[in-house]
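Below, chain A is the first sequence line, B the second, and so on; all start at residue 1.
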2 protein chains.
Amino acid sequence: MKISEDKSITHKSNYHHGDLRQSLLDATRLMIREGGVEAVSLRKLADRVGVSRTAAYHYFKDKNILLCTLAEEGFYLWQNKIENISLGDDYKNLLPAARYRAFIYWYLTYAMENSEYYDLMFGRAIWKQKTATDSLKKIAYEVFQKHVEMTKICQQEGILPIAEDSLRLAQVSWGTLHGLARLLIDGIYTEGNHLDDMCDCAANILMQNGKIK
Amino acid sequence: MKISEDKSITHKSNYHHGDLRQSLLDATRLMIREGGVEAVSLRKLADRVGVSRTAAYHYFKDKNILLCTLAEEGFYLWQNKIENISLGDDYKNLLPAARYRAFIYWYLTYAMENSEYYDLMFGRAIWKQKTATDSLKKIAYEVFQKHVEMTKICQQEGILPIAEDSLRLAQVSWGTLHGLARLLIDGIYTEGNHLDDMCDCAANILMQNGKIK
DNA sequence: CAACCAATCTTGACAGTGTCAAATTCTGTT
DNA sequence: AACAGAATTTGACACTGTCAAGATTGGTTG
């Protein structure tokens with residue numbers, strides 16, 4: 001009795017929330033940040049946004065679709081980041097090698113500062129099986145293509161070995177970035193780490209210690 | 001009525017299962033392989049082993065403990081693998097560079113062939129938060145220490161750059177392996193891949209194309 | 001042999017979870 | 001003012017992890 005009365009009172013004003021869709025996405029991000037992807041519960045999510053259990057189903061067919069949508073957001077954010085960075089004069093005026101090092105730095109920084117996105121973008125849960133949305137696959141593919149192009153340019157600039165196949169080189173370099181990101185995010189074997197030193201080391205290795213020209 | 005009768009009949013003979021503990025671990029492995037870590041359900045697990053819902057709780061305090069135990073198994077298996085490999089004459093007689101390449105090959109092969117272990121060993125679910133068992137942390141740490149030692153030796157042998165800090169170099173090289181393993185397991189950006197070529201490329205990059213001596 | 005003990009396993013129960021179908025409530029248009 | 005359709009809620013179901021209490025067993029003792 002009392003409970004149902006309370007609820008109706010509470011919800012009456014929320015019947016049209018305004019921007020529930022985005023609110024749900026934002027709240028999900030928060031939940032992931034607090035307790036990891038596994039801690040996301042549609043019901044707690046609804047509670048947090050001040051809406052009833054199944055309200056989210058009007059905007060997202062599935063829990064999975066919700067997470068895929070969020071992952072997409074993550075890819076777009078990253079896409080914007082690298083676009084902004086590469087347009088900046090600070091970045092443009094750097095020598096190729098320094099630019100490559102900066103890219104590594106931004107990649108790892110993005111992964112750490114937006115770990116809730118990063119986990120969705122490359123967490124197994126979404127990629128394995130056929131759970132990934134088509135639009136998610138598309139943007140992810142685009143982002144990787146950009147990385148391949150960048151790799152090619154670096155090869156032509158002489159900071160990456162020209163002998164290697166571009167695609168494979170892109171896979172290896174991206175693998176390195178991804179592996180380091182995971183190490184940093186999960187805190188495995190990385191106690192007392194200095195991000196800068198790790199970037200230096202990774203850049204040195206990938207660029208062959210600058211011994212190629 | 002019928003149901004409860006059936007159940008009592010079914011279970012009566014299973015009251016002492018024999019090696020329930022290991023059966024549970026094995027069945028869990030299978031479930032992970034089939035549907036990923038997320039598809040592991042203690043109840044389905046119990047069904048599969050032919051035992052009642054909560055039987056597992058006698059051997060594992062938690063679902064989490066079960067998964068941690070399995071992850072440990074994975075580390076021990078890997079430890080054995082590298083021990084066997086490094087004792088073999090085939091391996092011993094290789095030149096340092098070829099040995100390093102072989103190590104990469106075995107790492108990626110292990111990850112792909114035992115992806116259910118690998119996901120547990122380095123999947124976020126276990127490492128994030130304080131869910132990891134002490135014994136799991138211990139064996140994981142040991143395994144990484146071994147990698148650091150190997151890195152040092154490689155530096156002394158001249159196939160890895162001596163100028164870099166060993167720990168950081170170990171992090172980067174391990175990051176590369178881990179990143180590639182994830183790419184291969186999840187099938188991201190790796191359609192039509194030849195494992196051998198990827199190993200070659202990774203080895204070339206990490207070893208500076210053999211230009212150091 | 002009987003009786004007991006401790007290990008092993010089961011049943012019952014509860015709070016959470018994702019999701020569907022059917023109501024309910026609201027907003028804008030005619 | 002009435003209605004259409006969008007937005008949200010309630011009810012319901014099957015499934016999950018886990019706890020507490022009970023049932024079953026094999027091995028050990030008297």
Report the nucleotide, chosen from [options], that has the shortest atom-to-atom distance to any side-chain atom of [X].
X: B/Y59; options: D/dG17, C/dG12, C/dC9; value: C/dC9
X: B/L20; options: C/dC9, C/dG18, C/dT11; value: C/dC9
X: A/Y57; options: D/dT16, C/dG18, D/dG17; value: C/dG18

[atom1] of [X] versus [atom2] of [N]: gap in Å, rounded?
X: B/L66; N: D/dG17; atom1: CG; atom2: P; answer: 10 Å
X: B/D47; N: D/dG17; atom1: CG; atom2: P; answer: 12 Å
X: A/R48; N: C/dG16; atom1: CZ; atom2: P; answer: 16 Å
X: B/M31; N: D/dG17; atom1: CE; atom2: P; answer: 9 Å
X: B/R21; N: C/dC9; atom1: CZ; atom2: C1'; answer: 17 Å
X: B/R43; N: C/dG18; atom1: CZ; atom2: P; answer: 16 Å
X: B/E38; N: D/dT16; atom1: CD; atom2: C1'; answer: 14 Å
X: A/R53; N: C/dT24; atom1: CZ; atom2: C1'; answer: 14 Å

- Query: Any donor-acceptor pair under 3.5 Å joining the side chain of A/S52 to the base of D/dT10?
  - Reply: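 Side chain to base: no pair below 3.5 Å.
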- side chain to side chain contact (heavy atoms under 4.5 Å, CB included) between B/R21 and B/T69, worked out: CA-CA 11 Å; B/R21 198 188 125 96; B/T69 310; 3.8 Å; yes
- Note on the structure: Correct closest heavy-atom pair for B/P161 and A/I205 would be CG-CD1, 3.8 Å
- Crowding at NZ, A/K146 (>12 non-hydrogen neighbours, <6.0 Å): no
- Message: Tell me if the CG atom of B/D90 is crowded by more than 12 foreign heavy atoms within 6.0 Å.
- Response: no
- Any B/H58 side-chain N or O less than 4.0 Å from OP1/OP2 of C/dT8: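 Answer yes for this pair, as a side-chain N or O of B/H58 is under 4.0 Å from OP1 or OP2.
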- Position toward the 5' end of DNA chain C (nearest nucleotide), B/A55 or A/K63: B/A55
- Item | Residue mapping more 5' on DNA chain C - nearest nucleotide basis, A/K61 or A/S41 | A/S41
With a 3.5 Å cut-off and sequence neighbours excluded, list the donor-acceptor pairs that the side chains of residues 72-87 of chain A form with protein atoms.
residue : atom : partner : partner atom : Å
A/E72   : OE2  : A/S135  : OG           : 2.6
A/E73   : OE1  : A/Y117  : OH           : 2.4
A/E73   : OE2  : A/Q22   : NE2          : 3.1
A/S86   : OG   : A/I82   : O            : 2.8
A/S86   : OG   : A/E83   : O            : 3.0

- Task: Estimate the overall bend of the helix from C/dC1-D/dG30 to C/dT30-D/dA1 from the end axes over five pairs each, rounded to 10 degrees.
- Result: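 It comes to 20° between the two terminal axes.
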- Task: Please answer whether the main-chain N or O of A/V40 pairs with a side-chain N or O of A/K63 as donor and acceptor at a distance below 3.5 Å.
- Result: yes
- Message: Donor-acceptor pair, distance only, cut-off 3.5 Å: does the side chain of B/Q155 make one with the backbone of B/E164?
- Response: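 Flag set: sc B/Q155 to bb B/E164 pair under 3.5 Å.
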- Touch class at under 4.0 angstrom, heavy-atom based, for A/F60 against every strand present: nothing
